[in-house]
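Quick notes on the structure that follows.
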Amino acid sequence: MDLETARLRLMHQLSREIRDKKVLDVMTRVPRELFVPSGSQHAAYENIPLPIEMGQTISQPFIVALMTEAMQITNKDKVLEVGTGSGYQTAILCELANWVVTVERHQRLLDKAKNVLTRLGYTNVEFHCTEKMLGWTEGAPYDAIIVTAGAPNVPQILLDQLAAEGRLVIPVGSRFEQELMKVVKRKEGLETTNLGACRFVPLIGEGAWDEG
Ligand code: SAH
């Protein structure tokens, strides 16, 4: 099957579960084949995660769509992404938000992602390589935060970086399987919704998992 046919088939699949038309439109436009390793391009529009370098993965398209929809991004929003990885989710955030801050602990992945995103013409994004600290406090507060790696719990340091009425979407659970949680910072307190089971690589750092 050629990539164009595969892409249409994938978008049809996603449209059965994702209601936000803006999210579907953006996912139709962003070329996922540019973010997967060259040997996997034929599988770019399969609804599956794929391995990238450094033992990491590019997330499954359905999960990308679900998380993006849950973030409820408007074109005035400043958003933070923890775990740039391939940069595919970053491109989708760039399409929807006013400004994107993306952080990644592997410089090599960050450089590759930066190259592709620059090539695609995105200018509303800044990239940072982070060590132990979660997120990017210098840019806070954020209207929405997405964490694309699994955490043992909802890290307080990320809640601190969230604006009033801000949305945090994060997989929470064990190193191997998690529940996708959406946390909204209301005046009255945190409002938490479980969006279902998922599997992400572990979030590494203080307040998350050890490497290894
Ligand atoms: N959204 C990415 C997912 C990549 S996998 C994509 O679809 O391509 C998750 C990424 O999170 C990995 O690249 C991993 O290196 C990174 N990561 C793990 N812990 C991190 C941390 N504390 N800060 C920043 N990035 C982290």
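Atoms within a ligand are numbered from 1 in the order they appear, just like the ligands themselves.
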Distance to 0.1 Å, residue and atom name: give those for the protein heavy atom nearest to [atom].
atom	answer
atom 8 (O) of ligand 1	S86 OG, 2.6 Å
atom 13 (O) of ligand 1	E104 OE1, 2.7 Å
atom 7 (O) of ligand 1	S59 N, 3.0 Å

Beyond-backbone contact of I18 with M27, side-chain heavy atoms, under 4.5 angstrom: no
Within-4.5 Å side-chain heavy-atom neighbours: N47 and Q60: yes
Between [Y] and [X], does any NZ, NE, NH1 or NH2 come within less than 4.0 Å of an OD or OE carboxylate oxygen?
X	Y	answer
R105	E211	yes
E191	R167	no
E165	R186	yes

Going by the order shown, which atoms of ligand 1 are within less than 4.0 Å of some heavy atom of [X]?
X	answer
I58	6 (C), 7 (O), 8 (O)
T130	23 (N), 24 (C)
V82	23 (N), 24 (C)
G85	4 (C), 8 (O), 13 (O)
L109	13 (O)
P202	18 (C)
H106	15 (O)
L203	19 (N), 20 (C), 21 (C), 22 (N)

Option nearest atom 2 (C) of ligand 1 (shortest heavy-atom distance, choices G83, G55, A91): G83
Shortest reach to atom 4 (C) of ligand 1 by a heavy atom, considering only I204, T57, V201, T148: T57
Test item: side-chain donor near acceptor, E33 and Y45, under 3.5 Å: yes
K78 atom NZ, over 12 foreign heavy atoms within 6.0 Å: yes
K182 atom NZ, over 12 foreign heavy atoms within 6.0 Å: yes
Residues forming a side-chain hydrogen bond (donor to acceptor under 3.5 Å, both in side chains) with T68, sequence neighbours excluded: Q89
Hydrophobic cluster of L190, others only, ordered by chain and residue number, side-chain cut-off 4.5 Å: L80, V82, W99, V101, V103, M133, L134, W136, Y142, I145, V147, V154, I157, L158, L159, L162, L168, I170, V172, M181, V183, L203
Residue part near ligand 1, for [X], under 4.0 Å between non-hydrogen atoms:
X	answer
R105	both
Q56	side chain
A208	neither
L134	side chain

Flag, side chain of D77 to backbone of T74, donor-acceptor distance under 3.5 Å: yes
Contact with ligand 1 for T84, non-hydrogen, under 4.0 angstrom: yes
